[in-house]
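See structure below.
Chain identifiers are assigned alphabetically (A, B, ...) following the order of the sequence lines, protein sequences preceding nucleic acid strands; residue numbering begins at 1 within each chain. Since the structure is predicted, the reported quantities are computational estimates derived from the model, not experimental observations.
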Protein chains: 2
Amino acid sequence: MKYKSLAHMNCALAQALEVVGERWTLMILRDAFFGARRFSQFQKHLGISKNILSTRLNRLVEDGIMTRHPAPDGAHQEYLLTERGMDLQPVMLALMHWGEKHKPNPNGSRLIFVERESGEPIQPVSAMSRDGRRLSGRQIKATAGPGLDETSRRQLERRHPVAR
Amino acid sequence: MKYKSLAHMNCALAQALEVVGERWTLMILRDAFFGARRFSQFQKHLGISKNILSTRLNRLVEDGIMTRHPAPDGAHQEYLLTERGMDLQPVMLALMHWGEKHKPNPNGSRLIFVERESGEPIQPVSAMSRDGRRLSGRQIKATAGPGLDETSRRQLERRHPVAR
DNA sequence: CAGTATCCTACGTGATACTG
DNA sequence: CAGTATCACGTAGGATACTG
């Protein structure tokens, strides 16, 4: 059997996972956020096989997450994040924050994200109300939007999203 | 060859991906956030094989993301999110927001997340400065914390995290 | 250095039958 | 209904050799 593609699933999460759902992909993006650009940088730092890295990078380029083009010095290629790729940063921040909290290093947090200009630490990623209050998971509810299909809409209404 | 475990990788992202890095896991959590509790609810809604669902749920319970116990009516088992699991909601929100933005449904957004009490839509998940300004990817920099090892620390300093 | 090409393994996935 | 047990399969992942 082929893997079921999640792509048909009229679900934003499924769509996103089609792009970043593989184990190494987010790790590669992580490195890209941290300034890696060259094939060898990704490869050494991640300890990933070259063929895997190659296919992952190619797929990221296909998906519009990264672009590949010659470096200024002309000697090699560079992989750079597109805006579409930069938009994945909240995902990475959310995952890292979870990891720091629930799988901590005994010596303390490994990375601290700061505002580039001021150097001041940023807030952990969280849901926020319009007026800027941090919201916990249970304070949030999903409601049907115009793009939701009838079956999902019914399911959503029948249950009590995230109570308990 | 066994898959390389990412667990040894002194990286919060890797640790998080060890837990939610598989394709179906976040989809299951999605359903849990939306109120699914019973095996059959997950199964029908996701269209996933029972054996896969079973192993995924078991692993989530092992990892402390969900708990399993008899339902109030005593007739069946329930899977409920723990706090540790609820803490993954920002990850899901971030992914869904990305999916809605970059892989939209032509009819409009599928789900709209609102504050439970007021019904008012929440903000899209984003990095935020201490004083509540939304920050774009390029405005953020990662710096070494006490838990970071020497090699990663050097790499981080040598590069220019997320410029360009 | 930056990949591509081979070849291999095992894990994630899948269909389905079976059990209490 | 809520799973467990089989059995099968493809793909992600892996080691390594090769090319420009």
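- We find that CZ of Arg56(B) is positioned 16 Å from C1' of dT4(D), with the value rounded to whole Å.
- Phosphate contact (OP1/OP2 of dA2(C), side-chain N/O of Arg68(A), threshold under 4.0 Å): absent.
- In this structure a side-chain-to-backbone donor-acceptor pair under 3.5 Å is missing from Gln15(B) to Lys103(A).
- Using cut-offs of 30° and 60° on the angle between ring planes, the pair Tyr79(A) and Phe39(A) is tilted.
- Listed by chain and residue number, nothing satisfies the side chain to side chain donor-acceptor pair (under 3.5 Å) test with Glu120(B) (two or more places apart in sequence, or in another chain).
- Look at OH on Tyr79(B): it is 15 Å from P on dC1(D), rounded to the nearest Å.
- DNA chain C is contacted by both Thr55(A) and Ile52(B); Thr55(A) maps to the nucleotide lying nearer its 5′ end (nearest heavy atom per residue).
- Between the CD atom of Gln77(B) and the P atom of dT4(D) there is a distance of 10 Å, rounded to whole Å.
- When each of Arg37(A), His45(A), Gln43(A), Gln41(A) is paired with Asp31(A), the side-chain hydrogen bond (donor to acceptor under 3.5 Å, both in side chains) condition holds for His45(A) and for no other.
- Follow the hydrophobic side-chain contacts under 4.5 Å out from Met128(A) and you never reach Phe113(B); the two are in separate clusters.
- Distance CG (Leu6(B)) to C1' (dC11(C)): 14 Å, rounded to an integer number of Å.
- Using a 4.0 Å cut-off between a side-chain N of Lys or Arg and a carboxylate O of Asp or Glu, Arg138(A) and Glu83(B) qualify as a salt bridge.
- Contact check, Ser49(A) against dG13(D): no side-chain N or O comes under 4.0 Å of OP1 or OP2.
- Rounded to a whole Å, the CZ atom of Arg38(B) is 7 Å from the C1' atom of dC1(D).
- Nucleotides of DNA chain C nearest to Leu57(A) and Arg23(B) differ in position, and the one nearer the 5' end is that of Leu57(A).
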Protein and nucleotides 18-20 of chain D: nitrogen or oxygen contacts under 3.5 angstrom:
none

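- Comment: Arg38(A) does not engage Glu78(A) in a salt bridge, judged by the lack of any side-chain N to carboxylate O separation of less than 4.0 angstrom.
- Following rounding to the nearest Å, Met27(B) (CE) and dG12(C) (P) show an atom-to-atom distance of 18 Å.
- What separates CG of Leu53(A) from C1' of dG14(D) is a distance of 13 Å, to the nearest Å.
- Between the side chain of Asn51(B) and the base of dG3(D) there is no donor-acceptor pair of N/O atoms closer than 3.5 Å.
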- Could you provide the dot-bracket string of DNA chain D, using ( ) for intrastrand pairs, [ ] for crossing pairs and | for bases paired to another strand, with Watson-Crick or G-U pairs below 3.5 Å? ||||||||||||||||||||

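- Of all the residues in residues 58-67 of chain B, not one reaches under 4.0 Å from DNA chain C with any non-hydrogen atom.
- The side chain to side chain donor-acceptor pair (under 3.5 Å) search around Ser152(A) returns Asp149(A), not counting sequence neighbours.
- Side-chain contact check for Gln123(A) and Arg134(A): at least one donor-acceptor pair (N or O, by modelled atom type) lies under 3.5 Å.
- Protein atom CD of Glu22(A) is 13 Å distant from nucleotide atom C1' of dG10(D), rounded to whole Å.
- A salt bridge does not link Arg130(A) with Glu115(B): none of the charged nitrogens is closer than 4.0 Å to a carboxylate oxygen.
- With hydrogens and angles disregarded, a donor-acceptor distance shorter than 3.5 Å links the side chain of Glu100(B) to the backbone of Arg110(B).
- Taking side-chain N and O atoms only, Ser40(B) has no distance below 4.0 Å to OP1 or OP2 of dC1(D).
- Among residues two or more places apart in sequence or in another chain, the side chain to side chain donor-acceptor pair (under 3.5 Å) test is passed with Arg59(B) by Glu22(B).
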